[in-house]
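What follows is a short report on a single structure.
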Amino acid sequence: MRVAVVTDADGGGLLRALAEDGTPTGPVERVGDLPVAVAERERAARPRWVWAATADLYPRLLAAGARVDRCHDLALTEGILLAAEGRWGEPRSFPAAWARLEGRPVPDDAVRAAVRAGQPALFDHDLLALPDPAELLAGVVAVHGEQQRRLGGLGLLVAAESAGALAAVEMAAAGLPWRPEVHDAVLTELLGPRPRGGAAPLVLQELAGKIEAAFGGQPLNPDSPAQVLRAFAAAGTPLPSTRSHVLREVDHPAVPLLLAYKELSRLHAAYGWTWLDVWVAGGRFRPEYVPGGVVSGRWATRGGGALQIPHALRRAVVADPGWVLVVADASQLEPRVLAALSGDDGLARAAAGGDLYAALAADAFGGDRARAKTALLAAMYGGDVGQLMIVLRRRFPAAVGYVEAAARTGEAGGLVRSRLGRTCPPPSAGWLAATGPAAGPDPDPDAGARARRIARDRGRFTRNFVVQASAADWALVLLAAVRRRLAAGPAGPQLVFFQHDEVMVHCPKADAERVAEVVAEAAEESRRLVFGDTAVRFPLAAAVVDRYADAK
DNA sequence: GGCCATAGCGCG
DNA sequence: AAAGCGCGCTATGGCC
């Protein structure tokens, strides 16, 4: 059973029961207190809630105590369907989908994004000149019905995407346990005491001084790549860039100082005291997750950099007293995904046990694990590793064939899809123009080489897309399965973090063992739902720790 | 003063 | 020995 829902302007809303195909099965119900009505219906019937956008509606419901089990997010679903239909650039919001359905002018997604980001006081209805709640509900019902007709084989992906959106809101509400005093201690240990005003920390100032001295005392801002390049050139060592791996090859007294400076300066700029002030409150870090924010289906975040938390700061992620963190991350996820996707028997055998690269090395690379890993990564990401690829192709023809077919499709301008059907963007107009037949009487002599280069670039993208996006499918279904198995409520285990191939649950110490089992069961369920009958295993390393830093 | 591209690093 | 995919975020520096 499904229930379509919209809010009105003063805390109430409208509901209407739907069949699976979207046909209304009951009257429109007007309720005065939407969270109360949703919570009540959830207890009684556990329906799949159909609404415009989880990110807009669910935070208010959740804050008022109305946690729900399942939903159908019209905006996220529209994005998946449009991509699958090759209609990448079209706006995907509910108002846009509704307008398309009715042949009205289609509002741009940017308008809604601006509303959400900057002006919470404005109701979307007002800005977009949307009609009253009754008409909105009719629109929700109509768009949902149309999406169910377009759904095809994308049902599992749509359900998982919607469940992920619920989890994102719940994780933002729960927050990641974060100890500001530990964070401050880490910063102080590495950078010196917190400076007053806008001054640079002592350690950075001292390093900058030593770097200047190493170049003969000329003034130099180590944060400026251009100035650093000029300094090296003046010292007789012209460099192509100031990247760390370039600097490491250079024999100059400034190099170790610069490397140390870059690392600490980045920590200070991106995750320093300012970040702590802005993002941590009440012992919790609350990022804003953006489900489906990456073309491959991975999540993104808006502010806070939650998906790039430096390892040095994971000491500050500490469970509450009496609680622990269950940190579970998938081992070698992408090569296992390739094995399952391609059905390659040899690679599946290597992926049936613990260390895939070690098994691969024993099987085909004379026991050299590093070479095996290099070869497989190159297959998935598109590197040129010559001899190794020949070995890989001979021993694992189906796996190599799978990614090479994806690369050829991409080079030809075609679309590729993840296991569950998430579809890559089509080539841009510029790409088509640059790779199309040379036009004009006097074609650019470099155009051919350029066309081949950008075609190969897209081949690398689609080669990787099939693997990365299918790994994201698996991780998303895992997240949904973990979420469904955990008891709801602030007293029990809570999902608090999700990062590409890793989930974290914050739970009372006594629940840790059960949570670890839940996560393992969820991984197995995801394997079955996403890949069906495969010998490939997707082991999750689950660690029960007090501090995130102790998980690996 | 704001806008934008670029360089570079963090994470997976 | 080997090289490549996806992001977010910050500082610099040129431009208006």
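Order of the sequence lines fixes the chain letters, A, B, ..., with proteins taken first and strands second; residue numbering starts at 1 for each chain. Fair warning: this is a prediction, and the values are worked out from it, not measured in the lab.
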Could you give the [atom1]-to-[atom2] distance, from [X] to [N], as a whole number of Å?
{"X": "A/Arg230", "N": "C/dT12", "atom1": "CZ", "atom2": "P", "answer": "13 Å"}
{"X": "A/Ile390", "N": "C/dA2", "atom1": "CD1", "atom2": "P", "answer": "18 Å"}
{"X": "A/Glu288", "N": "C/dG8", "atom1": "CD", "atom2": "C1'", "answer": "14 Å"}
{"X": "A/Arg463", "N": "C/dC5", "atom1": "CZ", "atom2": "P", "answer": "10 Å"}
{"X": "A/Gln227", "N": "C/dA11", "atom1": "CD", "atom2": "P", "answer": "16 Å"}
{"X": "A/Asp368", "N": "C/dA1", "atom1": "CG", "atom2": "P", "answer": "8 Å"}
{"X": "A/Lys373", "N": "C/dG4", "atom1": "NZ", "atom2": "C1'", "answer": "13 Å"}

For [X], side chain to side chain donor-acceptor pair (under 3.5 Å) partners two or more places apart:
{"X": "A/Glu525", "answer": "A/Arg485"}
{"X": "A/Tyr381", "answer": "A/Glu334"}
{"X": "A/Arg395", "answer": "A/Asp363"}
{"X": "A/Arg230", "answer": "none"}

For [X], answer base if it contacts any base atom (sugar-phosphate contacts may also be present), sugar-phosphate if it contacts only those atoms, and nothing otherwise; contact means non-hydrogen atoms under 4.0 Å.
{"X": "A/Gly293", "result": "nothing"}
{"X": "A/Val467", "result": "nothing"}
{"X": "A/Ala378", "result": "nothing"}

- Task: Measure from the side-chain heavy atoms of A/Leu377 and tell me the nearest of C/dG6, C/dA3, C/dT12.
- Result: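 Between C/dG6, C/dA3, C/dT12, the one nearest the side chain of A/Leu377 would be C/dA3.
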- When you match A/Asn221 and A/Phe461 each to their closest nucleotide on DNA chain C, which lands nearer the 5' end?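 With A/Asn221 and A/Phe461 compared, the 5'-side residue is A/Phe461.
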- Go through the structure and list residues passing ring-ring contact (aromatic ring centres under 6.0 Å, His included) with A/Phe538, not counting sequence neighbours.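 So A/Phe538 forms a ring-ring contact (aromatic ring centres under 6.0 Å, His included) with A/Trp474, A/Phe531.
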- Query: Heavy-atom contacts under 4.0 Å between residues 395-433 of chain A and DNA chain B, which residues?
  - Reply: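 Output list: empty, so none.
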- Message: Listing request: all ring pair (Phe, Tyr, Trp, His ring centres under 6.0 Å) pairs with a residue in residues 186-214 of chain A, at least two apart in sequence or in separate chains.
- Response: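 Pairs touching residues 186-214 of chain A that pass the test: none.
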- Item | Sequence neighbours excluded - ring pair (Phe, Tyr, Trp, His ring centres under 6.0 Å) pairs with any residue from residues 164-217 of chain A |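 As it turns out, the ring pair (Phe, Tyr, Trp, His ring centres under 6.0 Å) pairs with a partner in residues 164-217 of chain A, which skip direct neighbours, are A/Trp178-A/His183, A/Trp178-A/Trp275, A/Trp178-A/Phe285, A/His183-A/Trp275, A/Phe215-A/Phe232, A/Phe215-A/His252.
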- Nucleotide-resolved protein contact map, nucleotides 4-12 of chain B, B/S/- at heavy-atom distance under 4.0 Å: ---SBBBSB
- Message: Which heavy atom of A/Thr301 sits nearest to which heavy atom of A/Leu307, and what is that distance?
- Response: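 What the structure gives for the nearest pair is CG2-CG, 3.8 Å.
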- Item | Residues A/Arg194, A/Asp277: salt bridge by 4.0 Å N-O rule |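 Counted as a salt bridge, because a side-chain N and a carboxylate O are separated by less than 4.0 Å.
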- Task: Let me have DNA chain C in dot-bracket notation, would you? Count Watson-Crick plus G-U wobble pairs, both distances under 3.5 Å, and use [ ] for pairs crossing earlier ones and | for inter-strand partners.
- Result: ....||||||||||||
- Message: side chain to side chain contact (heavy atoms under 4.5 Å, CB included) for A/Arg314 and A/Ile309? Distances and angles first, verdict last.
- Response: CA-CA 7 Å; A/Arg314 297 184 179 190; A/Ile309 298 170; 4.2 Å; yes
- Query: Would one find a side-chain N or O of A/Ser224 under 4.0 angstrom from OP1 or OP2 of C/dG13?
  - Reply: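 True: A/Ser224 side-chain N/O within range (under 4.0 Å) of C/dG13 OP1/OP2.
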- Item | Pairing residues for A/Asp546 by the salt bridge (Lys or Arg N to Asp or Glu O under 4.0 Å) criterion, not counting sequence neighbours |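 Salt bridge (Lys or Arg N to Asp or Glu O under 4.0 Å) list for A/Asp546, sorted by chain: empty.
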- Query: Who pairs with A/Glu524 by salt bridge (Lys or Arg N to Asp or Glu O under 4.0 Å), at least two apart in sequence or on another chain?
  - Reply: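 Per chain and number, A/Glu524 pairs via salt bridge (Lys or Arg N to Asp or Glu O under 4.0 Å) with A/Arg527.
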